[in-house]
Amino acid sequence: NKLYASECGACHFAYQPGWLPARSWRRIMDSLDDHFGENAELDDPVREQITRYLVANAADGASDRQSRWVLRSARGGEPPMRISELPYIRHEHDKIPRRLIEGNPKVRSRANCQACHRQADKGYFGEHGVNIPGYGRWDD
């Protein structure tokens with residue numbers, strides 16, 4: 001979605017909608033005035049259009065394997081607000097030493113997908129495509 005990519009991708013990686021359930025995307029888009037400590041407010045028509053795109057393509061209705069894993073790990077309680085804190089995502093990154101993520105100035109956090117997943121913009125997050133800056137190809 002070009003609008004989503006240009007508006008949200010201007011400040012951070014434009015995450016695939018299937019990485020969160022619809023309830024999470026609604027909550028995120030309804031609180032853009034405090035978007036993880038930043039004001040990311042959008043004009044109502046733009047916000048509504050992006051919200052429709054995210055909700056329509058959220059993990060709830062996606063058929064791909066990763067979205068199903070994300071959805072299973074997001075069950076119950078409050079809607080997850082950070083993709084990087086989903087149990088599935090945490091599990092997938094637990095094998096990587098923290099110094100290569102948080103201690104790496106070119107990565108800094110699991111939320112910086114495209115730093116290591118070189119084809120993240122195309123929706124590919126397979127471990128065979130992981131290349132950690134300053135370390136190289138990751139293979140567990």
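The NE2 atom of His35 lies 6.5 Å from the SG atom of Cys8; values are rounded to the nearest 0.5 Å. Residue Leu20 holds its CG atom at 5.0 Å from CD1 of Ile28, rounded to the nearest 0.5 Å. Atoms CD and CG, from Glu7 and Asp43 in turn, are 8.5 Å apart once rounded to the nearest 0.5 Å. Here Leu100 contributes atom CG and Cys116 contributes atom SG; the two are 8.5 Å apart, rounded to the nearest 0.5 Å. We find the CD-CG distance between Glu92 and Leu86 to be 11.5 Å, quoted to the nearest 0.5 Å. To the nearest 0.5 Å, atoms CD1 (Ile132) and CZ (Arg137) are separated by 11.0 Å.
Cluster membership for Ile83 and Leu54, using ILVMFWY side-chain heavy atoms within less than 4.5 angstrom, is shared. Under a hydrophobic clustering in which Ile, Leu, Val, Met, Phe, Trp and Tyr are joined whenever their side-chain heavy atoms come within less than 4.5 Å, directly or via other members, Tyr88 and Trp138 fall into different clusters.
Atom NZ of Lys95 has more than 12 neighbouring heavy atoms from other residues, nucleotides or ligands inside a 6.0 Å radius. For Glu38, the CD atom is loosely surrounded, since the number of other residues' heavy atoms within 6.0 Å does not exceed 12.
Gln114 has its side chain out of reach of Asp121: every pair of non-hydrogen atoms, C-beta onward, lies at least 4.5 Å apart.
Side-chain contact annotation: Asn112 with Ser109, donor-acceptor N/O pair under 3.5 Å absent. Glu41 and Asn39 share a side-chain donor-acceptor pair at under 3.5 Å.
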Walk me through it: do Arg110 and Glu102 pass the test side-chain contact (heavy atoms from CB on, under 4.5 Å)? CA-CA 8 Å; Arg110 286 184 299 259; Glu102 287 102 9; 4.3 Å; yes

Passes salt bridge (charged side-chain N to carboxylate O under 4.0 Å, His left out), Arg27 versus Glu78? Steps please. CA-CA 10 Å; Arg27 188 168 168 195; Glu78 288 289 312; 2.7 Å; yes

Hey, mind stepping through Ile89 and His93 against side-chain contact (heavy atoms from CB on, under 4.5 Å) and telling me if it holds? CA-CA 6 Å; Ile89 301 299; His93 293 83; 3.6 Å; yes

Go through Ile50 and Leu3 one step at a time and tell me if the side-chain contact (heavy atoms from CB on, under 4.5 Å) criterion holds. CA-CA 7 Å; Ile50 292 172; Leu3 183 61; 3.9 Å; yes

Could you go through Arg118 and Tyr124, starting from their C-alpha distance and side-chain angles, then the distance that decides it, and tell me whether this counts as side-chain contact (heavy atoms from CB on, under 4.5 Å)? CA-CA 8 Å; Arg118 301 306 166 111; Tyr124 179 71; over 6 Å; no

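A donor-acceptor contact shorter than 3.5 Å links the side chain of Asn104 to the backbone of Pro133. Looking only at distances, a side-chain donor or acceptor of Trp25 sits under 3.5 Å from a matching main-chain atom of Pro17. With hydrogens and angles disregarded, a donor-acceptor distance shorter than 3.5 Å links the side chain of Arg68 to the backbone of Ser63. Side-chain N or O atoms of Ser24 include none that pairs as donor or acceptor with a backbone N or O of Met81 at under 3.5 Å. Judged by distance alone, the side chain of Ser67 and the main-chain N or O of Gly18 form a donor-acceptor pair under 3.5 Å.
Nearest heavy atoms, Val70 versus Ala59: CG1-CB, 4.5 Å. Nearest approach of Ala58 to Pro21, heavy atoms of both residues: CB-C, 3.8 Å. Across Pro80 and Arg23, no two heavy atoms sit closer than the pair CD-NH2, 4.0 Å.
Between Tyr4 and Tyr53, the angle of the ring planes lies from 30° to 60°, which puts this pair in the tilted group. The aromatic rings of Tyr15 and Phe13 lie perpendicular to each other, with more than 60° between the two planes, well past the 30° mark.
For Trp19 and Phe125, the ring centers sit closer than 6.0 Å to each other.
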